[in-house]
Amino acid sequence: MKKLLTQAIRSKLPSLGSTDQLPHDQAMAQTKFFTPDSSWTWYAMEFDGDHTFFGLVVGFAIEMGYFDLQELEAARGPWGLPIERDLWFKPTPLSRLPEYAQWVGSE
C-alpha cells in the first residue's frame with residue numbers, strides 16, 4: 001500500500017489558516033484522497049504538519065472542513081478497501097473542481 005502522505009507532498013501543503021484570505025479561484029487543492037469502493041473524496045488544501053488537513057470534503061454532503069490523516073489511514077470503505085491518494089492528481093484551483101461548483105451552487 002502506498003503512503004497517503006509523502007514527504008514531498010507534505011512539504012508543499014501550506015500551513016493551516018495560511019490560505020484563508022485567498023479567493024476560492026486562487027485557493028489550491030494540493031492533493032486528493034478517495035475511497036475506491038465508495039464516493040468519498042478529500043481534497044487537501046492545508047496541513048498542520050502533524051495530522052490535520054483542511055480542504056474540500058465530498059461525502060454525504062460537499063463541504064469545506066478539517067480531516068485527520070490518522071483517520072484516513074485507518075478508514076476502510078464498504079468493501080474493506082483502504083483510502084488511497086490519487087497518484088495522478090495535480091494541484092488544482094478549487095474553482096476548477098466539479099465538486100466545488102456543486103458546493104457553491106448549493107449555498
Side-chain angles (χ1 to χ4, degrees):
M1 179 171 80
K2 298 272 186 202
K3 281 182 75 169
L4 282 183
L5 189 61
T6 65
Q7 192 59 43
I9 294 170
R10 185 182 291 259
S11 69
K12 292 179 184 174
L13 281 160
S15 61
L16 281 183
S18 66
T19 66
D20 287 353
Q21 302 304 316
L22 288 178
H24 285 171
D25 63 337
Q26 294 177 19
M28 300 288 284
Q30 297 293 329
T31 193
K32 174 184 173 183
F33 306 107
F34 68 97
T35 52
D37 54 354
S38 84
S39 60
W40 281 75
T41 305
W42 298 262
Y43 293 97
M45 297 169 46
E46 300 173 348
F47 186 59
D48 73 351
D50 187 24
H51 60 84
T52 303
F53 294 100
F54 179 78
L56 187 67
V57 179
V58 181
F60 296 123
I62 302 172
E63 59 190 350
M64 299 294 283
Y66 295 92
F67 49 99
D68 186 273
L69 177 60
Q70 294 165 329
E71 289 178 6
L72 291 178
E73 290 172 336
R76 296 292 180 264
W79 295 342
L81 298 176
I83 292 170
E84 297 181 18
R85 177 173 37 89
D86 184 338
L87 301 178
W88 304 106
F89 184 81
K90 303 275 189 249
T92 303
L94 279 185
S95 60
R96 300 200 56 207
L97 297 173
E99 297 93 340
Y100 176 78
Q102 291 174 11
W103 178 66
V104 171
S106 68
E107 285 190 295

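Note that the numbering runs from 1 along the sequence shown for the chain.
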Name of the residue among Y66, F54, F53 meeting ring pair (Phe, Tyr, Trp, His ring centres under 6.0 Å) with F47: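 The ring pair (Phe, Tyr, Trp, His ring centres under 6.0 Å) with F47 is passed solely by F53 among Y66, F54, F53.
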Which of these, F34, F33, F67, F60, sits in a ring pair (Phe, Tyr, Trp, His ring centres under 6.0 Å) with W40? F60
L5 side chain near L72 side chain, heavy-atom distance below 4.5 Å: no
Looking at side-chain heavy atoms only, is the closest gap between L56 and I62 below 4.5 Å?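 Heavy-atom side-chain distance check passes, below 4.5 Å.
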Shortest non-hydrogen contact between [X] and [Y], atoms and distance:
| X | Y | answer |
| --- | --- | --- |
| G17 | E46 | N-OE1, 2.7 Å |
| L4 | R85 | O-NE, 3.0 Å |
| L97 | A29 | CD1-CB, 4.0 Å |
| D48 | H51 | OD1-N, 2.9 Å |
| P36 | P82 | CD-O, 3.3 Å |
| R96 | T92 | CB-CG2, 3.9 Å |

Group every Ile, Leu, Val, Met, Phe, Trp and Tyr by side-chain heavy-atom contacts under 4.5 Å, then state whether [X] and [Y] land in the same group.
| X | Y | answer |
| --- | --- | --- |
| F89 | M45 | yes |
| L94 | L16 | yes |
| V57 | L13 | yes |

To the nearest 0.5 Å, how far apart are [atom1] in [X] and [atom2] in [Y]?
| X | Y | atom1 | atom2 | result |
| --- | --- | --- | --- | --- |
| E84 | K32 | CD | NZ | 11.0 Å |
| R10 | L69 | CZ | CG | 6.5 Å |
| R76 | T35 | CZ | OG1 | 12.0 Å |
| E71 | T52 | CD | OG1 | 9.0 Å |

Test side chain to side chain contact (heavy atoms under 4.5 Å, CB included) on I83 and W42; report intermediate values, then the result. CA-CA 10 Å; I83 292 170; W42 298 262; 3.5 Å; yes
Measure from the side-chain N and O atoms of T6 to the backbone N and O of I9, and report whether any donor-acceptor pair falls under 3.5 Å.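 Judged by distance alone, yes, a pair lies under 3.5 Å.
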Strictly distance-based, threshold 3.5 Å: is any side-chain N or O of Q30 a donor or acceptor partner for the main-chain N or O of A44? no
